[in-house]
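Heads up, the thing below is written out as structure tokens.
Residue numbers start from 1 in every chain, and the chains themselves are labelled A, B, ... in the order their sequence lines are given, proteins ahead of strands.
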Number of protein chains: 2
Amino acid sequence: MSKLRSAPTLEDVARMAGVSTATVSRCLNSPDRVVKATRQRVLSAVDTLGYTPNFAAQVMAAKRTFTIGAIIPTMENAIFARGLQAFQEELHQRGYTLLVSSSAYKPDLEEEQIRTLVARGADGLLLIGHDRDPKIYEYLDRRKIPVLVAWSYLPDAQVPSIGFDNRAAMFELTNRVIGLGHKRIGMISGISAGNDRARLRVEGVRDAVAQNELAVSDLRIIETPYEIENGAAAFSNLMSKGTRPTAVLCGNDVLAVGAIRRAQEMGLRVPQDVSITGFDDIELARIATPALTTVHVPHRDMGRKAALELVGMVEKTADGTALRLPTTIVERQSLGRPAKP
Amino acid sequence: MSKLRSAPTLEDVARMAGVSTATVSRCLNSPDRVVKATRQRVLSAVDTLGYTPNFAAQVMAAKRTFTIGAIIPTMENAIFARGLQAFQEELHQRGYTLLVSSSAYKPDLEEEQIRTLVARGADGLLLIGHDRDPKIYEYLDRRKIPVLVAWSYLPDAQVPSIGFDNRAAMFELTNRVIGLGHKRIGMISGISAGNDRARLRVEGVRDAVAQNELAVSDLRIIETPYEIENGAAAFSNLMSKGTRPTAVLCGNDVLAVGAIRRAQEMGLRVPQDVSITGFDDIELARIATPALTTVHVPHRDMGRKAALELVGMVEKTADGTALRLPTTIVERQSLGRPAKP
DNA sequence: TTGTAAGCGTTATCAG
DNA sequence: CTGATAACGCTTACAA
């Protein structure tokens with residue numbers, strides 16, 4: 001009895017081609033191990049039947065999924081979009097499929113999604129940043145799932161990472177700001193708990209300020225989730241209490257854009273009355289008026305290299321070497337000298 | 001022999017708890033069908049072993065994946081991000097996992113990804129827009145995979161859709177523009193081939209113009225892929241040949257932002273010298289200076305309702321009814337009256 | 001070169 | 001309430 005209108009199986013193909021299922025399987029997976037004549041017969045059967053292999057069955061038998069999982073903190077803004085796109089393109093070229101989920105910056109959700117991805121047989125995992133419950137790393141280690149971290153570079157971490165030095169980048173930018181003559185500095189950071197990138201950016205600012213303790217008289221820092229509105233609110237906050245900073249460094253472009261907008265609503269000119277900087281150099285940074293001076297991150301390059309390395313780890317041709325990518329400061333219009341007092 | 005450090009299976013749990021695999025399975029899937037005493041024994045075994053069910057095996061046996069696939073044209077900008085986020089949140093609540101891929105607006109790639117998702121056993125599929133090779137619909141139909149289209153509303157299409165009326169929305173906006181006194185209109189559209197949304201937006205403009213043939217003396221349309229730079233280039237093009245339009249309607253916000261920037265680079269004031277409008281109302285629209293007058297689309301609502309409907313279709317509690325969501329024109333600063341000649 | 005058959009880890013049916 | 005056991009569709013030794 002033929003099962004009415006259910007997806008055709010290997011056996012259906014085999015029957016139609018008059019061969020065994022093993023031969024059909026070989027035709028599809030290692031065509032050269034079967035003679036041309038039978039191969040053609042099989043392939044035409046595949047074609048007329050519209051056969052597509054059942055993925056779950058393949059996985060069960062082969063114990064390989066050719067799937068890579070990635071969990072990013074958010075899909076709502078473009079922070080990870082470009083890098084992920086490059087990641088996926090490179091994976092696709094190598095025959096892998098990417099499964100993406102977003103954790104909304106929530107550790108529990110991320111953990112759940114990691115387990116889901118593992119249960120689905122992901123051959124490897126891409127995670128953003130290092131900070132997470134050690135239990136997760138133990139779990140992954142037990143399961144022997146290759147893991148690569150991106151958007152952060154910490155050579156001494158237990159897990160290899162491909163990314164940039166968040167602290168150094170912000171350190172450099174802060175020095176530039178100080179060099180311009182700014183003495184009162186404000187920072188609007190993302191939430192640093194459980195987010196090494198945010199934390200290191202703050203440290204970069206702190207370090208630079210500490211190194212210039214004679215030059216800088218005031219540093220105030222506000223933490224808030226990465227959203228435009230929050231950037232605006234934090235900016236208000238910074239400008240309403242105590243002496244106003246002349247430069248506000250933001251943990252990323254999203255916050256910076258919010259800050260710029262609020263500055264304008266307050267009637268402050270950027271950068272004449274207050275300088276504002278971002279981080280990431282996403283499209284938003286160029287759209288903002290004035291265009292944002294920010295830290296450029298090589299998103300596409302990072303994504304591509306991460307794919308290469310992770311596939312290498314999965315296929316055991318790479319050992320998971322940490323890689324540091326360069327960041328650069330891109331000067332646009334939102335950073336200037338402070339007004340003379 | 002215990003397999004060294006491989007993921008524990010149902011059998012491992014069963015052995016440890018001193019029950020059969022069937023009982024373990026029941027404990028996990030219908031806990032009330034097993035008495036408390038054994039259940040507790042089993043669950044603690046699950047816990048100490050760190051057991052996670054093997055997804056592929058589950059799928060093979062149950063023929064259900066609780067997975068929904070979605071293919072969107074792009075992840076690079078935020079057009080689909082918000083709606084997809086809502087879609088995924090709602091799915092998650094209902095116990096489904098979302099698999100996303102992006103097709104980069106390429107029909108072949110989309111087709112390939114549809115097949116991949118189906119092979120992976122997606123219980124249902126969300127696609128953007130109706131336009132695609134009929135063979136794909138046949139294929140999906142043969143496989144009996146429920147499909148829902150979003151971001152477009154075409155009640156008579158073979159596949160149910162949840163979205164908005166792209167033509168009507170643009171028709172309304174164009175009438176508003178004409179009502180303001182604009183006589184020479186330009187349009188920067190996305191590529192309309194294989195994209196019913198883009199095509200219908202153009203038709204909306206055309207229809208409104210046709211209906212006001214006495215009022216409008218000129219309508220010029222350029223098609224270009226949805227990218228900021230392309231919006232800028234198309235704007236240059238529109239303004240350099242023949243009489244300049246006084247209003248440029250863009251197929252989406254991304255193109256409009258590019259147009260605004262180019263206008264400013266050309267020294268044109270928006271909207272005094274030229275009006276520019278968008279479509280979608282993504283975050284960019286509010287960031288742009290001047291802020292963009294655009295068509296607001298209820299992204300989150302659409303995503304949520306699409307999830308509900310699609311899950312309903314999968315679980316056979318819904319029949320796939322098309323649903324039209326309202327759009328509204330949001331007036332900001334980029335649209336004004338034309339200058340007196 | 002091709003066929004046979006033993007898994008892979010679950011779920012579900014049917015007895016007990 | 002619980003236990004055998006037959007699928008599920010494919011890959012892969014091992015045989016022929």
Is the phosphate of C:dT2 approached by A:T38 (side-chain N or O, under 4.0 Å from OP1 or OP2)? yes
What is the distance, rounded to the nearest whole Å, between atom CZ of B:R64 and atom C1' of D:dG9? 19 Å
Can you see whether B:S30 engages B:D32 through a side-chain donor-acceptor pair at a distance of less than 3.5 angstrom? no
Looking only at C:dA12, D:dG9, C:dT11, the nucleotide nearest the B:A22 side chain is C:dA12
Nearest to the side chain of A:T9 - D:dG9, D:dT11, D:dC1? D:dG9
I need the CG-C1' distance between B:N29 and C:dT13, as an integer number of Å. 15 Å
If each of B:A62 and A:A62 is mapped to the nucleotide of DNA chain D with the nearest heavy atom, which maps nearer the 5' terminus, i.e. the 5' end? B:A62
Are any non-hydrogen side-chain atoms of B:R120 and A:T67 less than 4.5 angstrom apart? yes
Return yes when atom CZ of A:R64 has more than 12 non-hydrogen atoms of other residues, nucleotides or ligands closer than 6.0 Å, and no otherwise. yes
What nucleic acid atoms does B:V19 come within less than 4.0 Å of, heavy atoms only: base, sugar-phosphate, or nothing? sugar-phosphate
salt_bridge(A:E112, A:K106) N-O dist < 4.0 Å: no
Expressed in angstrom and rounded to an integer, what is the separation of A:E11 atom CD from D:dC10 atom P? 9 Å
Can you measure B:R143 atom CZ to D:dG9 atom P for me and round it to whole angstrom units? 12 Å
Nearest-Å distance, CZ (A:R120) to C1' (C:dT10)? 15 Å
Test side-chain hydrogen bond (donor to acceptor under 3.5 Å, both in side chains) on A:Q85 and A:E89 and set out the steps. CA-CA 6 Å; A:Q85 180 77 29; A:E89 283 165 11; 3.3 Å; yes
Check this one for me: any side-chain N or O of A:K63 less than 4.0 Å away from OP1 or OP2 of D:dT12? no
Mind calculating the distance between CG (A:L28) and P (D:dG9) to the nearest angstrom? 16 Å
Here's a test of your reading of the structure: between B:R26 and B:N54, which maps to the more 5' nucleotide of DNA chain C? B:N54
Using a heavy-atom distance cut-off of less than 4.0 Å, which residues of residues 39-52 of chain A contact DNA chain D? A:Y51
Quickly work out the B:D12 CG to C:dT10 C1' distance and round it to whole Å. 13 Å
Do B:M16 and B:P8 touch side chain to side chain, with heavy atoms closer than 4.5 Å? no
OP1, OP2 of C:dG3 versus side-chain N and O of A:T23: anything below 4.0 Å? yes
Calculate, to the nearest 0.5 Å, the distance between atoms CZ and CD1 belonging to A:R142 and A:I145 respectively. 11.5 Å
Tell me whether the side-chain N/O atoms of A:Q58 come closer than 4.0 Å to OP1 or OP2 in D:dT11. yes
N/O (side chain, A:S20) to phosphate O (OP1/OP2, C:dG3) under 4.0 Å: yes
For the backbone of A:D196 and the side chain of A:D131, can you confirm whether one donor and one acceptor N or O come within less than 3.5 Å of each other? yes
Please give, in whole Å, the distance from D:dT12 C1' to A:L10 CG? 13 Å
Heavy atoms only, 4.0 Å cut-off, all strands: where does A:S25 land among base, sugar-phosphate and nothing? base
